[in-house]
Amino acid sequence: MKIFSTRFDPPTPAPINGVELSPPHIPKNMRHEARGPMEVTGDLVRDGWLPVLRCDKPKGECEKSEVGLLEALTRAHTILRLDLPAPTMLPAVLRQLLMPIMLHALGVPRTPKEWAERFERGQFSDAEAQEIADYLGPRYGKRFHLFSSTERPFAQAAGLTALSGDTKPSTLLVPSIASGNNVPLFSTLTDADHLDLTPADAALWLLHAHCWDTAAIKTGAVGDLQAKAGKTTGNPTSPLGQLGVIVPTGRTLYETLLLNTPIYPSGLDPDDLPQWAWDERPSSLAWKSPAGPEWSTRPAGGLLDLLTFQARRIRLIPTETDHGLRVRQVIVCAGDRLTSTPQEEPHTAWNHTAKPKAGQPHQRPRRHASGRAAWQGLGSLLALAVPEDGDGPYTSLLLRQVDGLLNDDGLSATYPLNVQISGLEYGNQSAVVENAIADSLPLPVASLLSGENGLRQEILQCAEQADRVARALDGLHADLRRASGGEPLPRDKGERPSARFLHAVDGRMRRLLAGLRTVGDDYDLLDKALECWELTLRRAAREEASSLLSAVPPRAMIGRTEKVNGKEVTFRSGKAAGLFYNRLNETLWRTAEARLAEGGAA
């Protein structure tokens, strides 16, 4: 049962009137006029369908609009960010469209210096913009039409037909809406209802399905020899569903694209192609074309293949309505399956195992933990080296790459880097979506320097302090329940004081991290920031502890004696409070020492 949403209301496309779509530096043959919402063919290149937030720097005004792929890329420096309906769509759009188009058209940077030159320019050069225009024009432009009866529709299998002859409602693409076994709480739609997706929204949820679809049984397709009894079983979730996705973001869409671009010293393999250029692959690979109903279990053929991996065979079925073209029915069948997540996967952290079981790799993708803010997982985000002894986390390729970019003057230590994390929690054999995980975090670039790094250690200590204080509050809560004649809460039940405490300090931690991005070598300022953080923790912890102590009955002062690990232990409210404040002072040692120096109680 899903719990992360109620209903998806497709955003109303906003017209783009009076806005010049092409920057002055783009050649005239690339300039185009806004065509507003998608037309019948669903031209992803020129029709306005991708929601963005852009800013007019001279006026300092920001506005939302819908753009096509050509404008999104060639004007990426004027776009602050993608303005998508769901956080899990960001990696889907980046991976399935924007990044592979850019990388295939322009190539990957081969050295940190080359990466830095692109980044410092802040936008695509005239020559690069022309390359992208040619790529999305005469070279591959016709392959980015969402609806096409004569050629392959984008990211779909033309003519895909279910063995049963049936189609499914478009709600199948939207995990926050009831469909089959996938039933969220509070959903206002059921299988008996239909959802009219605009072509723009259908395109977004199509990309989302290739990245995040559940592992439920899929409809068997006509022409798929592996389908049995009209269905295909054993489907894994789509590739991103197996990861804890980490996406670094910058001040503009252009910077975000560069921050998500890995450096390949030898460049891309010539045989590594995105899904829309599949017909140019060597036939010797014997892999099934994503344009047909058949699929194969195979490794990724390189970065471009990995980013555009077609984990499903899908067909959107458009219908004319009173409100224009809408997608009301779809067919979703089994697609390609990855044999394993390759080590060049750029958007996940890893769990390193020193002695894995036979046949298993040393590193496996790390998932995000539900119910935890991104800053509570800083230990894995800032784990820049493989653990020397034993097991442990290892951060993503892109965050590790920042170290080399800093040393090569590609990034400033004060650059306002942000990290967006996302993930889906699946239940019941991964056939349904239980929850969505999404968060955004300011991350000091200087903390990603390898070697001795005092800032990284201080940041990790701040997160550890919050965790230790939270555990101390839960310990106080458990001791007070015992002193009152009850039992501690089971680990998986009830509301814990630690959750309220961590929520109370969440905003302050984010402000701390944002401030530490500019602290530089000012160690006095760093000490003051860390002391302020301890004061924040102490104040929030004392408020929560006072609330707990005021709620216990009078008999808790006398307490209760019980056996713990074979020994008799007396639990009293006063004793529990004293133990808690001792733990608090041990954890928040800076403020404890300052209070003692001033002659007050710690």
Side-chain angles (χ1 to χ4, degrees), residues 44-45 69 73 91-112 114-115 118 124 128 131-132 134-144 152 154-157 207 210-211 236 238-240 242-243 245 247 256-292 294-313 335-348 350 361 363 365 396-398 400-401:
L44 299 177
V45 174
L69 288 176
L73 288 168
V93 173
L94 285 177
R95 292 169 63 98
Q96 288 276 326
L97 274 174
L98 300 182
M99 285 178 58
I101 291 172
M102 178 187 72
L103 298 178
H104 196 205
L106 306 179
V108 294
R110 301 193 176 208
T111 64
E114 182 182 345
W115 187 97
R118 293 190 188 185
F124 292 112
E128 289 173 334
E131 286 286 345
I132 292 172
D134 290 342
Y135 189 93
L136 293 174
R139 190 172 175 190
Y140 292 111
K142 292 183 179 179
R143 304 189 185 190
F144 290 93
R152 176 184 168 188
F154 176 76
Q156 300 167 71
L207 300 177
H210 279 301
C211 293
S238 293
L240 294 191
Q242 303 169 40
L243 315 177
V245 176
V247 177
T256 295
L257 288 170
L258 265 291
L259 288 168
N260 285 272
T261 298
I263 298 170
Y264 278 28
S266 56
L268 295 172
D269 187 324
D271 294 335
D272 177 23
L273 297 169
Q275 56 92 359
W276 52 81
W278 185 269
D279 55 327
E280 299 174 18
R281 284 178 172 272
S283 58
S284 59
L285 290 176
W287 295 342
K288 304 300 182 182
S289 167
E294 295 185 277
W295 54 271
S296 57
T297 300
R298 61 181 182 82
L303 178 63
L304 298 179
D305 182 35
L306 176 65
L307 294 176
T308 62
F309 200 80
Q310 300 293 278
R312 298 292 180 263
R313 300 293 186 260
D336 294 330
R337 304 177 183 181
L338 273 174
T339 52
S340 63
T341 303
Q343 293 298 302
E344 58 265 28
E345 167 58 59
H347 289 125
T348 188
W350 305 85
Q363 294 177 11
S396 73
L397 180 152
L398 294 171
R400 297 196 307 269
Q401 180 174 279

### Message
I'd like to know whether Arg281 forms a side chain to side chain contact (heavy atoms under 4.5 Å, CB included) with Trp287, so could you lay out the CA-CA distance, the side-chain angles of the two residues, the decisive distance to 0.1 Å, and finally the verdict.
### Response
CA-CA 10 Å; Arg281 284 178 172 272; Trp287 295 342; 3.9 Å; yes

Could you tell me which non-hydrogen atom of [X] sits nearest to which non-hydrogen atom of [Y], and how far apart they are?
X: Leu303; Y: Tyr264; answer: CB-OH, 3.7 Å
X: Trp278; Y: Lys288; answer: CZ2-O, 3.3 Å
X: Ala291; Y: Arg152; answer: CB-CD, 3.4 Å
X: Leu240; Y: Pro91; answer: CD1-CB, 3.9 Å
X: Leu207; Y: Ala92; answer: O-CB, 4.0 Å
X: Met99; Y: Leu307; answer: CE-CD1, 4.0 Å

### Task
In sequence, state the C-alpha distance, the side-chain angles, and the governing distance for Leu44 and Arg143, and then conclude on side chain to side chain contact (heavy atoms under 4.5 Å, CB included).
CA-CA 9 Å; Leu44 299 177; Arg143 304 189 185 190; over 6 Å; no

### Message
When you measure from the side chain of Asn260 to the backbone of Thr256, do you find a donor-acceptor pair of N or O atoms at a distance under 3.5 Å?
### Response
yes

Calculate, to the nearest 0.5 Å, the distance between atoms [atom1] and [atom2] belonging to [X] and [Y] respectively.
X: Leu257; Y: Leu259; atom1: CG; atom2: CG; result: 9.0 Å
X: Ser238; Y: Phe309; atom1: OG; atom2: CZ; result: 9.5 Å
X: Met102; Y: Leu94; atom1: CE; atom2: CG; result: 9.5 Å
X: Gln96; Y: Thr308; atom1: CD; atom2: OG1; result: 6.0 Å

Taking the side chain as everything from C-beta on, heavy atoms only, tell me whether [X] gets closer than 4.5 Å to [Y].
X: Gln401; Y: Trp115; answer: yes
X: Arg110; Y: Pro265; answer: no
X: Pro112; Y: Ile263; answer: yes
X: Leu304; Y: Gln275; answer: no
X: Leu338; Y: Thr297; answer: no
X: Ile101; Y: Tyr140; answer: no
X: Leu397; Y: Thr348; answer: no
X: Asp336; Y: Arg313; answer: yes

### Query
Do the side-chain N and O atoms of His210 and Gln310 include a donor-acceptor pair separated by under 3.5 angstrom?
yes

### Task
Taking side-chain contact (heavy atoms from CB on, under 4.5 Å) as the test, write out the residues that go with Gln156, two or more places apart.
Leu146, Pro153, Leu206, Leu316

Side-chain atoms of residues 339-346: list all donor-acceptor pairs with protein atoms under 3.5 Å, sequence neighbours left out, distances to 0.1 Å.
unit_1	atom_1	unit_2	atom_2	d
Glu345	OE1	Arg95	NH2	3.1
Glu345	OE2	Arg95	NH1	2.8
Glu345	OE2	His347	N	2.9

### Task
If the plane angle is over 60° it's perpendicular, under 30° parallel, otherwise tilted; pick one for His104 and Tyr135.
perpendicular

### Query
In chain order, what residues pass the ring-ring contact (aromatic ring centres under 6.0 Å, His included) check against Phe154, with sequence neighbours excluded?
Phe144

### Task
Assess whether side chain to side chain contact (heavy atoms under 4.5 Å, CB included) is satisfied between Leu306 and Asp272, documenting all intermediate values.
CA-CA 9 Å; Leu306 176 65; Asp272 177 23; over 6 Å; no

### Query
In terms of side-chain geometry, is the basic nitrogen of Arg298 or Asp305 positioned less than 4.0 Å from the acidic oxygen of its partner?
yes

